[in-house]
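Everything on this sheet refers to the single structure shown next.
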Amino acid sequence: MKLGKAFYQHEDAVFMARALLGKVLVTRISGLLTSGIITEIEAYAGIRDKASHAFSNRYTSRTAPMYLNGGIAYVYLIYGIHSLFNIVTAPAGIPHAMLVRAIHPLNGLDIMQERRSSKHSKDIAGGPGKVSQALGIHYSDSGEDLQGDKIWIEDRGIVPHADEILSGPRIGVDYAGKDALLPYRFIYHYNA
DNA sequence: TATAAGATTTACT
DNA sequence: GTAAATCTTATAT
């Protein structure tokens, strides 16, 4: 069920993003289990992608986890407010990362609602900052191994049909010039 | 040491 | 539809 290290080794960022749609992201943080199907994701393709923090081989204490072997988390703080959760893929030295933009809640919906203190259960995890908040992921979790018992990804046999996947340009990356136009965003229209 | 800007969300007009 | 919130990180003195 839990995806092993081998799953994350593919070097094609777009392939990995599509492969992660329909997979189940699970966290057990302070003893509370929450999970959801990944329904929206964006690919950030390493050093040649201007929108990526690792563009032009930029290596800092923040981006360091992206350069490690695939199958770990890259989490960072944006706008001083939101933690954004990414899945690091590809072998060591290739800094690819997949930003999880939305999930469809499965386990622990009540816990997520409490964390989000939101009455709108429909909008509980529809946005990258909301996903992290609902699952209890914090930017201090960056570099966490996805083979551990805190954050991991499972295959529950959900395979999106080609008709259920849309792709398009990424969000909020206008500064990236023509890389902002790349169709690296994938949406899975999951029907419960 | 200082400054500018950001893979966004939320509340308010 | 517009703007404020809020603080780390990267880059420059």
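Residue numbering restarts at 1 for every chain, and letters A, B, ... go by the order of the sequence lines. The model shown is predicted, which means the values in this text are computed figures rather than measured ones.
Ion pairing of A/Arg185 with A/Glu40 is present here, as a side-chain N (NZ or NE/NH1/NH2) and a carboxylate O approach within less than 4.0 Å. Looking at A/Asp49 and A/Arg170, a side-chain N of the basic residue comes within less than 4.0 Å of a carboxylate O on the acidic one, giving a salt bridge. Ionic pairing of A/Asp149 and A/Arg28 is not present here: no N-O contact between side-chain nitrogen and carboxylate oxygen is shorter than 4.0 angstrom. Between A/Lys5 and A/Asp145 there is a salt bridge, with a side-chain nitrogen of the basic residue lying less than 4.0 Å from a carboxylate oxygen of the acidic one.
Within the 4.0 Å cut-off from OP1 or OP2 of C/dA10, at least one side-chain nitrogen or oxygen of A/Arg62 is found.
Nearest heavy-atom pair, A/Leu135 versus A/Met112, reported as atom, atom and distance to 0.1 Å: CD2-CE, 4.2 Å. Counting all heavy atoms, side chain and backbone alike, A/Glu42 lies closest to A/Ile171 at OE2-N, 3.0 Å. Taking all atoms of both residues into account, the shortest heavy-atom contact from A/Ala134 to A/Ile124 is CB-O, 3.9 Å. Summarising the geometry of A/Ser52 relative to A/Gly46, their closest heavy-atom pair is CB-O, 3.6 Å, with the distance given to 0.1 Å. Annotation for A/His96 and A/Ala90: closest pair ND1-CB, 4.2 Å, computed over non-hydrogen atoms. The nearest pair of heavy atoms linking A/Leu21 to A/Pro160 is O-CG, 3.5 Å.
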Show each protein N/O and nucleotides 10-13 of chain B N/O combination with a separation under 3.5 Å, one pair to a line.
residue, atom, partner, partner atom, Å
B/dT10, OP1, A/Arg116, NH1, 2.8
B/dT10, OP1, A/Arg116, NH2, 3.2

So which protein nitrogen or oxygen atoms get under 3.5 Å of nucleotides 11-13 of chain C's nitrogens or oxygens?
residue, atom, partner, partner atom, Å
C/dT11, OP1, A/Arg58, NE, 3.4

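Taking atom CG of residue A/Leu84 and atom C1' of nucleotide B/dG6, one finds them 11 Å apart after rounding to whole Å. In this structure, the CG atom of A/Asp141 is 16 Å from the P atom of C/dT8, given to the nearest Å. To the nearest angstrom, P of C/dT9 lies 15 Å from CD1 of A/Ile81. Per the geometry, CG belonging to A/Leu182 stands 14 Å off C1' belonging to B/dA7, to the nearest Å. We find that CZ of A/Phe85 is positioned 17 Å from P of B/dT8, with the value rounded to whole Å. Residue A/Leu77 contributes atom CG, which lies 17 Å from atom P of C/dA5 at whole-angstrom precision. Nucleotide B/dT8 holds its P atom 8 Å from the CD1 atom of A/Ile171, rounded to whole Å.
Counting non-hydrogen atoms under 4.0 angstrom, A/Leu99 reaches a base of the nucleic acid. Counting non-hydrogen atoms under 4.0 angstrom, A/Tyr139 reaches the backbone sugars and phosphates but no base.
Aromatic ring centres of A/Tyr184 and A/Tyr44: separated by at least 6.0 Å. The six-membered or imidazole ring of A/Tyr74 lies near that of A/Tyr76, with a centre-to-centre distance under 6.0 Å.
Remark: the A/Gln133 side chain and the A/Arg116 side chain contain an N/O donor-acceptor pair separated by less than 3.5 Å.
Rounding to the nearest 0.5 Å gives a distance of 7.5 Å between CG of A/Leu20 and CG of A/Leu3. In this structure, NE2 in A/His82 is found 9.0 Å from CG in A/Leu77, a value given to the nearest 0.5 Å. Here A/Asn86 contributes atom CG and A/Arg101 contributes atom CZ; the two are 11.0 Å apart, rounded to the nearest 0.5 Å.
Within residues 63-73 of chain A, no residue has any heavy atom under 4.0 Å from DNA chain C. Contacts of residues 34-54 of chain A with DNA chain C (heavy atom under 4.0 Å): none.
Taking 90° from 0 as the syn/anti boundary, the base of B/dA7 is oriented syn.
Residue whose closest nucleotide on DNA chain C sits further toward the 5' end, between A/Tyr79 and A/Tyr59: A/Tyr79.
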**Prompt:** What would the secondary structure line of DNA chain B be in dot-bracket form, counting Watson-Crick and G-U wobble pairs under 3.5 Å, with [ ] for pairs that cross earlier ones and | for pairs with another strand?
**Reply:** ||||||.|||||.

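Counting only residues at least two apart or in different chains, ring pair (Phe, Tyr, Trp, His ring centres under 6.0 Å) contacts with residues 1-41 of chain A comprise A/His10-A/Phe15.
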